[in-house]
Amino acid sequence: MTRGRDGGAVTPPAQQRALLAAVVAAVLAVSAAIYVGVGADGGVRERGALAGGRGERNNPAAPVSTGTWVTSWAASPVAGEPGTEMTGLMDRSVRNVVHTGAGGTSARVTLSNLYGQSPLTVTHASIAVSAGPDTAAALPETVRPLTFAGNPAVVVPAGEQVVSDAVRVAVPHDGDVLITTYSPTASGPVTHHPHARQISYVADGEHTRDATGTAYTGRSRAWRYVTALDVLSNEADGTVVVLGDSLTDGVTSTTGANHRWPDVLSDRLRSAVGAGRDVPRYSVVNEGISGNRVLTDGLGRPAENPSGLNRFERDVLGRTNVEVVVVALGVNDILRHPGTADPDTIVAGLSELVERAHARGLKVVGATLMPFGGHRGYTDAREGVRRAVNSEVRAGRVFDAVVDFDEALRDPYDPRRLRAEYDSGDHLHPSDRGYARMAEEFDLDDLRGGAPARL
């Protein structure tokens, strides 16, 4: 037996490794039979509030089956986080702060190991309502442990995702929720969404049920592992998914303020319902990825920043009770093309997204491409491609309905550019005021109805 500087006993490193290996082996054995709750296409299987499995029958926190399951928040997994390739976030608690689009009486969480190269072992996880803005603290009475088929631990295979059991907790709309995970073992790289525009937190050791937030001294601008929060809601009847790029991701919006245009659209829709307007009761979730394109993937296996076509099944059809899809893609197909992009190819890609949505009975609202005059990637040829795509979109030959972001934000004296008050300064991304203008341009009545009938 060796002793530390304070005279206390210290377990030799060899024994420490043996003890950790025994713990992990036990976790793996318990978790091997856990039902992951996802379909072959990556979509969540809608099971209702109680699936009747062993875990739910014995879980006193299991909710009654009232309301409708919708997705209240979502973020697309983008890539493996740089610097986590070897050890991941071993022996650390990751507390993600997510902002809700709809409230509910119960919740469940999706965890992703899409970009992991080895299994992700989560031995503890929790959900809680935040005690306030800009804090890792939770309202103590809302802290709930998460389980997976009744077990507190789960092993997420590399390239896969899991869905937790439903747990009874009052989730507010337009509020912050804390989703915390702890992994005792190395499992890099960490699947993350880098441009969260939200501060999340990290603590050394296992602190998933710590309501004070004191241990969470690390800060992060990315969402890690968590890709969706579903709620059992009495205030929403379905989900609107916005599929977009950095203009939807909100990369120039104020951090922590929830000023991305889908956030503002969600607020508008909820206010209209509250005012008695005859508009759909939907949650709005943001599946924007900075740099995303309709047609082309990023590098790597699996591909980082997968194209809109390749992630449509996962990020749109995989969300819960989707009713409407909003597509705001195409600018990066123009800006990142090594030569001059073909507008017909871009339009064909957008049309394929619409066909896939229609096959599931979903309505598709499409956005015109906003100007980028003054941006370092601007050329007259690229401006011509943008206008050609917009011409097809406005003519009604692509989408079921159109929101004209171009007309709303362009400078009337120089239509190649954003209006100065809507420009963040890089001549591509909007300011907070510009994002608000995008949401204001959206006709809420366009969210009504499903896909057109096939003849």
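Since the structure is predicted, the reported quantities are computational estimates derived from the model, not experimental observations.
Using the six-membered ring where Trp is involved, His193 and Trp223 have ring planes that are tilted, between 30° and 60° apart.
Minimum interatomic distance between Glu304 and Tyr115 (heavy atoms only, all atoms of both residues): CA-OH, 3.7 Å. Closest heavy-atom contact between Val70 and Thr239: CB-OG1, 3.5 Å. What you find for Leu295 and Asp333 is that their closest heavy atoms are N-OD2, 3.2 Å. The shortest non-hydrogen separation linking Phe372 to Val331 is CD2-CG1, 4.5 Å. In plain terms, the two heavy atoms of Leu409 and Arg437 that are nearest each other are CD1-CG, 3.8 Å. Heavy-atom minimum distance, Ala215 versus Ala203: O-CB, 3.2 Å.
No side-chain donor-acceptor contact under 3.5 Å links Thr255 to the backbone of Arg197. Looking at Arg270, its side chain does come within 3.5 Å of a backbone N or O of Gly101 through a donor-acceptor pair. Distance alone, capped at 3.5 Å, is enough to place a donor-acceptor pair between the Ser351 side chain and the Val347 backbone. Side-chain atoms of Arg268 come within 3.5 Å of backbone atoms of Ala439 as a donor-acceptor pair (strictly under, hydrogens ignored). Side chain of His192 to main chain of Ala79: a donor-acceptor pair is present (N/O by atom type, distance under 3.5 Å, no hydrogens or angles). For Asp230 (side chain) and Arg108 (main-chain N/O), no donor-acceptor pair under 3.5 Å exists by modelled atom type. In this structure, Ser233 contributes its side chain and Gly103 its backbone to a donor-acceptor pair below 3.5 Å. With Lys363 contributing its side chain and Arg448 its backbone, the two residues share a donor-acceptor pair below 3.5 Å. Listed for the Thr368 side chain is a donor-acceptor partner under 3.5 Å among the backbone atoms of Phe405. Listed for the Thr208 side chain is no donor-acceptor partner under 3.5 Å among the backbone atoms of His124.
Taking the side chain as every heavy atom from C-beta outward, Val316 and Glu287 never approach each other to under 4.5 Å. Looking only at side-chain heavy atoms (C-beta outward), Leu269 and Phe442 stay at 4.5 Å or farther from each other. In this structure, the side chains of Thr296 and Arg336 stay at 4.5 Å or more apart for every pair of heavy atoms. Looking at heavy atoms from C-beta onward, Leu178 lies in side-chain contact with Val97 at the 4.5 angstrom threshold. A 4.5 Å side-chain heavy-atom check between Leu353 and Val364 finds every atom pair outside the cut-off. Using a 4.5 Å heavy-atom threshold, the side chains of Phe399 and Val365 count as separate. Using a 4.5 Å heavy-atom cutoff, the side chains of Glu352 and Phe312 are not in contact. The closest side-chain heavy-atom distance from Tyr435 to Asp263 is not below 4.5 Å.
Between Ser76 and the choices Thr227, Asn286, Asp315, the side-chain hydrogen bond (donor to acceptor under 3.5 Å, both in side chains) rule is met once, by Asp315.
Between the NE2 atom of His173 and the CG atom of Asp267 there is a distance of 9.0 Å, given to the nearest 0.5 Å. Going from atom OG1 of Thr191 over to atom CG of Leu114 covers 5.5 Å, rounded to the nearest 0.5 Å. Distance check: Leu229 CG to Thr320 OG1 gives 10.0 Å after rounding to the nearest 0.5 Å. Thr135 contributes atom OG1, which lies 11.5 Å from atom OH of Tyr216 (distance to the nearest 0.5 angstrom). For the atom pair CZ of Arg360 and CD of Glu355, the computed distance is 16.0 Å after rounding to the nearest 0.5 Å. The distance from the OG1 atom of Thr248 to the CZ atom of Arg260 is 11.5 Å, given to the nearest 0.5 Å.
Counting only N and O atoms by type, the side chains of Tyr182 and Asp91 include a donor and acceptor under 3.5 Å apart. No side-chain N or O of Ser200 forms a donor-acceptor pair with one of Gln198 less than 3.5 Å apart. One side chain, Asp297 or Ser307, offers a donor N or O that lies under 3.5 Å from an acceptor on the other. Side chains of Asp249 and Ser290: a donor-acceptor N/O pair is absent below 3.5 angstrom, by distance only. No hydrogens or angles considered: nothing links the side chains of Asn332 and His337 as a donor-acceptor pair under 3.5 Å.
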- Task: Begin from the C-alpha positions of Thr121 and Ser187 and carry the test side chain to side chain contact (heavy atoms under 4.5 Å, CB included) through to its verdict.
- Result: CA-CA 7 Å; Thr121 300; Ser187 56; over 6 Å; no
Check the pair Asp446 / Val403 against side chain to side chain contact (heavy atoms under 4.5 Å, CB included), numbers first and verdict last. CA-CA 9 Å; Asp446 283 343; Val403 53; 5.7 Å; no
**OP:** In sequence, state the C-alpha distance, the side-chain angles, and the governing distance for Arg311 and Ile289, and then conclude on side chain to side chain contact (heavy atoms under 4.5 Å, CB included).
**Re:** CA-CA 11 Å; Arg311 67 189 183 96; Ile289 297 179; 3.7 Å; yes
Report the C-alpha separation of Ser283 and Thr71 in whole Å, then their side-chain angles, then the decisive distance to 0.1 Å, and conclude whether the side chain to side chain contact (heavy atoms under 4.5 Å, CB included) test is met.
CA-CA 7 Å; Ser283 171; Thr71 301; 5.6 Å; no
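The 12-atom threshold is exceeded at CZ of Arg397, counting heavy atoms of other residues, nucleotides or ligands nearer than 6.0 Å. In this structure, Asp426 places its CG atom where more than 12 heavy-atom neighbours from other residues, nucleotides or ligands lie under 6.0 Å away.
Ion pairing between Asp210 and Arg95 fails under the 4.0 Å rule for side-chain N and carboxylate O.
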